[in-house]
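Reviewing the structure listed below.
Just so it is clear, the values below take in all heavy atoms, side chains as well, and ignore hydrogens, waters and symmetry mates. Letters A, B, ... are given to chains in the order of the sequence lines, protein chains preceding strands, and every chain is numbered from 1.
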Amino acid sequence: MADPAIHLANLRRQPPLVHAITNYVAMDLSANALLAAGAVPAMVHAEDEAAEFAGIADALVVNIGTLSPPWVRAMAAAAGAAAAAGRPWVLDPVAAGATAYRRTTAHSLLALTPTVLRGNASEILALAGTGGQGRGPDSADPVDRAEAAARDLAAAQGCIVAVTGARDYVTDGGAALHIANGHPMMSKVTALGCALSALVAAFVGGAPGEALAATAAALAFVGVAGERAAAAAGGPGSFRVAFLDALAGLDGPSLAAAARISPA
Amino acid sequence: MADPAIHLANLRRQPPLVHAITNYVAMDLSANALLAAGAVPAMVHAEDEAAEFAGIADALVVNIGTLSPPWVRAMAAAAGAAAAAGRPWVLDPVAAGATAYRRTTAHSLLALTPTVLRGNASEILALAGTGGQGRGPDSADPVDRAEAAARDLAAAQGCIVAVTGARDYVTDGGAALHIANGHPMMSKVTALGCALSALVAAFVGGAPGEALAATAAALAFVGVAGERAAAAAGGPGSFRVAFLDALAGLDGPSLAAAARISPA
Amino acid sequence: MADPAIHLANLRRQPPLVHAITNYVAMDLSANALLAAGAVPAMVHAEDEAAEFAGIADALVVNIGTLSPPWVRAMAAAAGAAAAAGRPWVLDPVAAGATAYRRTTAHSLLALTPTVLRGNASEILALAGTGGQGRGPDSADPVDRAEAAARDLAAAQGCIVAVTGARDYVTDGGAALHIANGHPMMSKVTALGCALSALVAAFVGGAPGEALAATAAALAFVGVAGERAAAAAGGPGSFRVAFLDALAGLDGPSLAAAARISPA
């Protein structure tokens with residue numbers, strides 16, 4: 001069973017350098033969320049340096065939210081370099097089903113075997129080839145509709161698959177966990193799911209061989225911070241501010257007490 | 001006469017998917033403003049997918065704040081696809097008069113007949129070919145100096161033209177409205193005008209055939225939210241946070257009571 | 001001796017237009033910090049217009065945080081145009097030592113003779129060719145370890161070099177100053193150093209021939225704002241908000257009273 005407090009303590013004792021190739025909308029929040037949690041962000045996307053940097057960093061997150069051909073090439077090069085260096089990497093297939101370009105890109109990156117694939121239900125269903133209703137970045141499907149597809153995809157790809165939503169689901173193709181933290185206001189702040197993927201990279205980067213538990217810990221950490229922020233916020237603007245404060249202020253014992261992780 | 005409460009209710013009952021090709025500075029605030037208002041943002045700029053996505057979304061906003069050749073090609077492709085699919089699109093010609101590249105780009109996009117052209121007085125004057133003093137993104141001209149040019153431009157292009165500033169002016173070339181909401185602190189937050197253009201797209205996307213009234217409703221909505229935020233803010237940092245909270249918290253009756261829309 | 005209040009008053013009496021070619025993560029905060037301080041930001045990076053715009057603006061900041069070949073070409077063109085027009089420009093060599101691409105780019109821009117080079121200790125040491133431990137954007141070296149290298153670099157390049165950290169150091173190769181303002185929480189907000197470089201450009205843009213004193217004034221201004229923000233903040237999210245409010249609210253007499261500038 002995951003003990004999220006141990007993973008959080010590890011992250012803060014030895015702050016991982018997280019290499020992020022993420023979308024333009026998500027960069028600011030992702031970097032600030034990583035800093036608030038205790039990790040060190042670096043946004044490096046040029047083809048001229050992405051692979052070199054992926055070999056330096058402790059973990060990599062690749063997010064396809066805003067694509068263009070040079071970025072896609074850098075994503076593939078960085079993912080390959082991270083894998084070659086034995087570093088974990090996380091794939092966030094934003095709006096994977098929305099256009100042909102996204103479908104192609106997401107599939108080609110998935111073929112490079114991420115350590116963790118993190119998406120909403122529509123994105124996971126689109127990658128599994130079993131539907132997925134999303135037109136844009138938001139999910140049109142509930143998490144439980146994507147659980148079987150996630151388990152099959154995890155088994156077929158040899159990776160962790162995390163489906164996030166009202167109740168998150170994480171699986172390595174065999175074991176599976178539910179994480180029942182979070183708050184509806186989290187869907188009213190742009191790129192919060194992208195920041196979550198960056199935090200998954202931070203947690204997994206500090207826990208080699210424990211990717212399932214580390215992913216669940218990251219999801220619980222973010223969910224509990226979201227609950228705390230919602231209690232303090234008067235709307236989505238103040239929620240985002242309070243969310244960053246909560247990431248920084250949340251300690252291990254409080255996380256352990258509030259995390260709702262259970263076998264799925 | 002515009003009834004902004006009806007337009008806001010429409011937007012929230014059927015949240016429009018707004019495709020934004022906007023500048024790097026504006027992406028975060030535009031996406032968060034759309035979410036706070038009740039719409040669904042998607043930032044998609046690659047030439048490989050922009051036209052396809054414009055056919056999926058309910059409305060498009062094209063903003064030239066940070067340009068480069070691949071983006072300009074994607075802007076034109078998306079605008080063409082939106083028009084072909086009968087979807088409204090909004091052009092925000094940031095700093096149109098500042099450099100030759102901006103003048104050329106803004107004119108070529110204007111030739112694709114946006115549903116709404118939204119700029120400050122200097123930008124509208126630059127596009128009308130009748131002056132415009134701006135060196136940078138801020139207006140050096142008052143709104144009323146651009147009203148005649150805006151009316152002529154709207155008539156010539158067959159589009160709505162909105163000139164925003166201390167008192168906004170909106171015209172379809174015949175009818176015209178003033179919107180006297182807002183607060184000076186709105187000019188101390190970067191990209192707030194860009195977010196306004198994105199919200200115009202959201203409002204117009206939900207009101208086919210009522211683009212003049214929907215544009216006025218969006219301007220009043222943003223202006224009233226700015227007034228509320230200013231009352232709560234201690235400076236531009238807290239103003240931005242309060243502005244997003246106000247967009248989310250403002251309801252139809254309060255908007256109708258506070259909106260100051262009048263014939264021009 | 002620098003009188004930061006005079007520099008701040010100059011900036012607010014005649015707001016400089018600051019041309020920023022900065023990284024994707026830093027754009028939002030840099031633009032908002034410039035606006036809050038009283039300057040006018042403009043983000044213009046396309047090769048097609050960067051040089052033209054650099055000739056229009058009052059100062060330029062070039063930041064290599066997120067690089068790609070077209071941006072590097074635009075940076076060089078803009079720096080050349082600023083120098084040709086007699087306008088000051090500031091170089092921020094983010095993570096200069098982290099990859100070969102960054103080392104090459106930072107050195108080629110440094111050869112174009114910035115008015116001010118502003119970095120953390122690891123970045124300045126990397127550029128001086130005397131070590132520098134940083135893997136990512138954060139410094140792994142204390143400021144005092146880089147002071148001798150900074151003085152030599154300033155003398156060799158004929159520019160101001162500012163090394164920022166717990167206590168900042170600024171030198172023109174002969175005279176040198178320490179600025180002992182700031183707060184540790186400033187390192188928990190992404191891109192705050194980048195925003196600082198933009199503010200240095202704003203201060204130097206308004207004080208031709210006084211680049212050393214203007215740089216020290218900018219560092220004290222930001223440090224004092226950071227101290228005020230920390231007193232009001234509950235974490236890095238609210239710190240960032242309070243920091244922007246403090247930049248806007250800080251007046252000359254308060255800055256003069258709180259600034260801790262001394263000969264080094």
**Partner residues of B/Glu227 under the side chain to side chain donor-acceptor pair (under 3.5 Å) criterion, sequence neighbours left out** = B/Asn181

**Prompt:** Taking all atoms of both residues into account, what is the closest heavy-atom pair of B/Ala31 and A/Val25, and its distance?
**Reply:** CB-CG1, 4.1 Å

**Prompt:** For the candidates B/Asp58, B/Leu34, B/Leu29, which exhibits the highest count of non-hydrogen atom pairs separated by less than 4.5 Å from chain A?
**Reply:** B/Asp58

**Prompt:** At a heavy-atom separation under 4.5 Å, does A/Ala100 approach chain B through its side chain, its backbone, both, or neither?
**Reply:** both

**Asked** If you check every heavy atom in residues 42-55 of chain B against those of chain A, which residues fall under 4.5 Å?
**Response** B/Ala42, B/Met43, B/Val44, B/His45, B/Ala46, B/Asp48, B/Glu49, B/Glu52, B/Phe53

**Fill in**
Here the gap from A/Thr66 atom OG1 to B/Met27 atom CE, rounded to the nearest 0.5 Å, amounts to 6.0 Å

**Complete:** Partner of B/Leu35 under side-chain contact (heavy atoms from CB on, under 4.5 Å), picked from A/Leu192, A/Val189, A/Thr190, is A/Thr190

**Asked** What pairs with B/Ser238 under side chain to side chain donor-acceptor pair (under 3.5 Å), at least two apart in sequence or on another chain?
**Response** C/Asp245

**Item:** side chain to side chain donor-acceptor pair (under 3.5 Å) involving B/Asp28 - partner list, sequence neighbours excluded
**Value:** A/Arg240, B/Asn32, B/Arg240

**Item:** Portion of A/Val241 that has a non-hydrogen atom of chain B nearer than 4.5 angstrom
**Value:** side chain

